[in-house]
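Since the structure comes first, as structure tokens, the remarks are kept for the end.
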There are 2 protein chains.
Amino acid sequence: MAHVKVADELCTVSLPAALLGERWTLLLLRQAFLGTRRFEDFQSAMDISRSVLTERLGTLVEEGILRREAYKDVRTRYEYRLTEKGLDLYPVLMALRKWGDRWMAPAEGPSFDLHHRSCGGGIGVHVACDECSAELTARDVRVTPLR
Amino acid sequence: MAHVKVADELCTVSLPAALLGERWTLLLLRQAFLGTRRFEDFQSAMDISRSVLTERLGTLVEEGILRREAYKDVRTRYEYRLTEKGLDLYPVLMALRKWGDRWMAPAEGPSFDLHHRSCGGGIGVHVACDECSAELTARDVRVTPLR
DNA sequence: AGCTAGGGTTCGGAATCCGAACCCAAGGGG
DNA sequence: CCCCTTGGGTTCGGATTCCGAACCCTAGCT
């Protein structure tokens, strides 16, 4: 595996990485997947400053990952909900969690469990070949720089 | 899906998120998986300032994700290589890339392709139930807060 | 009329980031 | 033997970003 240099603007790892590798963004998404939708709830759940929260929610809306939607409580309020694009980040969060479970688990164990709603099974994340379905590690993959 | 508050220090998503959600860290790991090993090569490939690079490499070594190892070129040099813990982050990067391919792909297409070394197939990332093997989305998963 | 709650905006100081310059050890060339 | 180059860093000051605290605005409630 030789040293490869790729154009960042064209790399489909670095583009999302620039977005998600911003402080708070991953935590915000975790909260969103846990069901948090309102400004105040994000703020109290994550202990983030209000100004930074405003900004992060804004960029996620701009990016089309969250959608800001008015709804009626006792009066008009707003909620931030995952779009399809946002929901599609689930594998990223699950991969992160699986790694966290294995390598950074606190002695007391994780703070929540996830199970398949219909059969109760645990959740796995797998990297596999689209053709032969073999499970793959980094060593099984060949990188071909284009252009 | 109700609003759930969890302790960050116990959440196995937020622990890795705090680490990877630091500027440059994800890009550094991408480079590492592309085969970059030497300080100078990281620096020229990523256009990161030397001081920040030193610091990031340092925390990744501390965290046991990279290992700093001397080797003989014409004289003693050092290289940074992924440990087992680091290699195990591959699904995270692949999930990120798959999402990037779908949602942020530049018009010209991605800058490199990945294929299964032995059969040439494409690379997929799947979230699946450990019991029944069904492929899962966020909606199929139940969250159970513990403690 | 005044109080409260949700959802923000606006500061100024504190922590990070960054580029450029500097340091150091070991070959190599003259 | 002296100077130059290369890899791998460290140091420094200025430019950004982050953050907490304080403030703002709108509707409903009492």
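Worth knowing before you read on, the calculation uses all heavy atoms, side chains too, and leaves out hydrogens, waters and symmetry mates. A note on names: the letters A, B, ... follow the listed sequences, proteins ahead of strands, and every chain is numbered from 1.
Across D/dC19, C/dT9, D/dG8, the shortest atom-to-atom separation from the side chain of B/Arg77 is found for D/dG8.
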(request) Decide side chain to side chain donor-acceptor pair (under 3.5 Å) for B/Thr36 and B/Asp41; before the verdict, give the C-alpha distance in whole Å, the side-chain angles of both, and the deciding distance to 0.1 Å. (result) CA-CA 6 Å; B/Thr36 303; B/Asp41 290 340; over 6 Å; no
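If you measure from atom CG of B/Leu53 to atom C1' of C/dT16, you get 16 Å, rounded to the nearest angstrom. Rounded to an integer number of Å, the gap from CD1 of B/Ile48 to P of D/dG8 is 15 Å. Straight-line distance from the CD atom of B/Glu79 to the P atom of D/dG9: 12 Å, rounded to whole Å. Here D/dG7 presents its P atom at 15 Å from OH of B/Tyr78, a figure rounded to the nearest Å. Between B/Glu22 atom CD and C/dC17 atom P the separation is 6 Å, expressed in whole Å. To the nearest angstrom, P of D/dC24 lies 17 Å from CZ of A/Phe39. Distance, B/Gln43 CD to D/dT10 C1': 14 Å, rounded to whole Å. The CZ-C1' distance, from B/Arg38 to D/dT6, rounds to 10 Å in whole Å.
Contact annotation: A/Tyr71 does not reach the phosphate of C/dG7 (side-chain N/O to OP1 or OP2, under 4.0 Å). Applying the 4.0 Å criterion to OP1 and OP2 of C/dG8, one finds that A/Arg68 has a side-chain N or O inside that range. Taking 4.0 angstrom as the limit, A/Trp24 places a side-chain polar atom (N or O) nearer than this to OP1 or OP2 of D/dC19. Close to C/dG8, at under 4.0 Å from its OP1 or OP2, lies a side-chain N or O of A/Tyr80.
If you check distances only, the side chain of B/Ser51 does reach the base of C/dG19 with a donor-acceptor pair under 3.5 Å. Taking only distance into account, the side chain of B/Arg50 never meets the base of C/dG19 through a donor-acceptor pair shorter than 3.5 Å.
The residue among A/Thr76 and A/Glu55 whose nearest nucleotide of DNA chain D is located toward the 5' end is A/Glu55.
B/Leu28 CG to B/Glu22 CD: the interatomic distance, rounded to the nearest 0.5 Å, is 11.0 Å. Remark: A/Cys119 SG to B/Asp130 CG distance equals 9.0 Å, nearest 0.5 Å.
Under the side chain to side chain donor-acceptor pair (under 3.5 Å) rule, B/Tyr71 has a single partner from B/Arg37, B/Arg38, B/Glu79, which is B/Arg38.
Ring pair B/Tyr80/B/Phe42 is perpendicular by interplanar angle, where above 60° counts as perpendicular and below 30° as parallel.
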